[in-house]
Student: 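Here's a structure for you.
We number each residue from 1, following the sequence as shown.
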Amino acid sequence: MSKIMNPAKVITGPRTRWSYANVWDPKSINGGAPKYSVSLIIPKSDTKTVEKIKAAIQAAYEEGQSKLKGNGKSVPALSIIKTPLRDGDLERPDDEAYKNSYFINANSANAPGIVDADRNPILERSEVYSGVYGRASINLYAFNTNGNKGIACGLNNLQKISDGEPLGGRSRAEDDFDTDDEDDFLD
C-alpha cells in the first residue's frame, strides 16, 4: 500500500509546543461556528518543520488559485494574502513562550485524534494542556470568504511527546500536590 503524498499536509517536529489548546471541546470565536483549535509554537531552530510548512503554504496557494481568484481578473500574489505562519518575536514580543519561534494557529470543526508517544489514544483530559510538546498533523488550504483571501491551517491530529511547563500561569494538580509534606495537616 503506497502512501498518497499531499504536499499541503505537514507533520510538525516533536519540539512543537501547544498553546491555547482547545482540543477537547470546540469553542466559538467571535460568534462563529465552534471549532477545535491549537496554537503550534515551532522553534526557529526546527528548520525542517518551518521549511515543510512554507512548502505546504506554496502548495496550498498553487492548488487553490481558482478559489483565490474568485470573481477577480487575476490571482493575488502569495506575498500579499494572509498566510498562517507567524513570527513570535515580532507578533508576541512580550510572551516568553513565543521567543525565537514561529507559530501557526490550526483549527477544525472535527475533533482531532490525540495519541501519546506510543500512538495510544489519550483519553485523560489533564494529559493535554497548553504547554505540552508534541507533533501535529496539519493541512494548509486556500480560502476566499467575504473578501478575505489567504491560506489557512486545518488541524488533523495531535501526538503528545512530553510534558512541559503549563502556559497561562495555571498549575497542574499533580504538581501542586507532589510533596509528602503533611506537617501542617491537622496541627
Student: Y102, I11: one ILVMFWY side-chain cluster at the under-4.5 Å cut-off?
Tutor: no
Student: According to the salt bridge (Lys or Arg N to Asp or Glu O under 4.0 Å) rule, which pairs have a member within residues 116-125, sequence neighbours left out?
Tutor: D25-R125
Student: Going from CD1 on I151 to NZ on K82, what distance comes out if it is rounded to the nearest 0.5 angstrom?
Tutor: 12.5 Å
Student: Rounded to the nearest 0.5 Å, how far does OH of Y98 lie from CG of D89?
Tutor: 12.5 Å
Student: Show, in sequence, the C-alpha distance, side-chain angles and deciding distance for Y133 and T16, and conclude whether the side-chain contact (heavy atoms from CB on, under 4.5 Å) test is met.
Tutor: CA-CA 6 Å; Y133 292 90; T16 299; over 6 Å; no
Student: State, without any angle test, whether S137 and N157 hold a side-chain donor-acceptor pair at a distance under 3.5 Å.
Tutor: no
Student: List the steps, then state whether side-chain contact (heavy atoms from CB on, under 4.5 Å) holds for L40 with L155.
Tutor: CA-CA 10 Å; L40 303 169; L155 175 62; 5.6 Å; no
Student: More than 12 non-hydrogen atoms from neighbouring residues, nucleotides or ligands closer than 6.0 Å to NZ on K52, yes or no?
Tutor: yes
Student: Using 0.5 Å steps for rounding, measure from the CG atom of N107 to the OH atom of Y20.
Tutor: 15.5 Å
Student: How long is the span from the CD1 atom in I122 to the CD atom in E127, to the nearest 0.5 Å?
Tutor: 6.0 Å
Student: Would you check, one step at a time, whether the test side-chain contact (heavy atoms from CB on, under 4.5 Å) holds for N105 with R86?
Tutor: CA-CA 9 Å; N105 297 323; R86 296 157 61 188; 3.3 Å; yes
Student: Do other residues, nucleotides or ligands put more than 12 heavy atoms under 6.0 Å from K99 NZ?
Tutor: no
Student: Are V75 and I57 connected in a single hydrophobic cluster, I mean Ile/Leu/Val/Met/Phe/Trp/Tyr linked by side-chain heavy atoms less than 4.5 Å apart?
Tutor: yes
Student: Quick one: CG on N139 to CG on N156, what's the gap to the nearest 0.5 Å?
Tutor: 4.5 Å
Student: Which atoms form the tightest heavy-atom contact between V23 and S37, and what is the distance?
Tutor: CG1-O, 3.8 Å
Student: I need the Y61 OH to L68 CG distance, nearest 0.5 Å.
Tutor: 7.0 Å
Student: Pair R135, I161 - check side-chain contact (heavy atoms from CB on, under 4.5 Å), show working.
Tutor: CA-CA 7 Å; R135 301 187 320 160; I161 301 297; 4.3 Å; yes
Student: Check whether T49 reaches the backbone of G13 with its side chain - one donor and one acceptor, N or O, closer than 3.5 Å.
Tutor: yes
Student: If you take all heavy atoms of T12 and G134, which pair is closest and at what distance?
Tutor: OG1-O, 4.0 Å
Student: Name every donor-acceptor pair, under 3.5 Å, that has one atom in a side chain of residues 140-148 and the other anywhere in the protein, sequence neighbours excluded.
Tutor:
residue	atom	partner	partner atom	Å
N144	ND2	K67	O	2.9

Student: Can you tell if the side chain of I29 reaches within under 4.5 Å of the side chain of K35, non-hydrogen atoms only?
Tutor: no
Student: State whether a side-chain donor-acceptor pair under 3.5 Å links D163 with Y129.
Tutor: yes
Student: Looking only at non-hydrogen atoms, find the nearest pair between A152 and P84 and report the distance.
Tutor: C-CG, 4.4 Å
Student: I want to check something: taking the side chain as every heavy atom from C-beta on, are S74 and Q65 in contact at a cut-off of under 4.5 Å?
Tutor: no
Student: At their closest point, which heavy atom of K149 faces which heavy atom of P76, and how far apart are they?
Tutor: CD-CG, 4.0 Å
Student: Can you tell if the side chain of D87 reaches within under 4.5 Å of the side chain of K44, non-hydrogen atoms only?
Tutor: yes
Student: With sequence neighbours excluded, what pairs up with S108 under the side-chain hydrogen bond (donor to acceptor under 3.5 Å, both in side chains) test?
Tutor: none
Student: So which atom in S19 and which in V38 form the shortest heavy-atom distance, rounded to 0.1 Å?
Tutor: O-CG2, 3.6 Å
Student: Spell out, yes or no, whether L167 and Y36 are grouped together once hydrophobic residues are joined by side-chain heavy atoms under 4.5 Å, including indirect joins.
Tutor: no
Student: What are the two closest heavy atoms between L158 and P112, and how far apart are they?
Tutor: CD1-CG, 4.3 Å
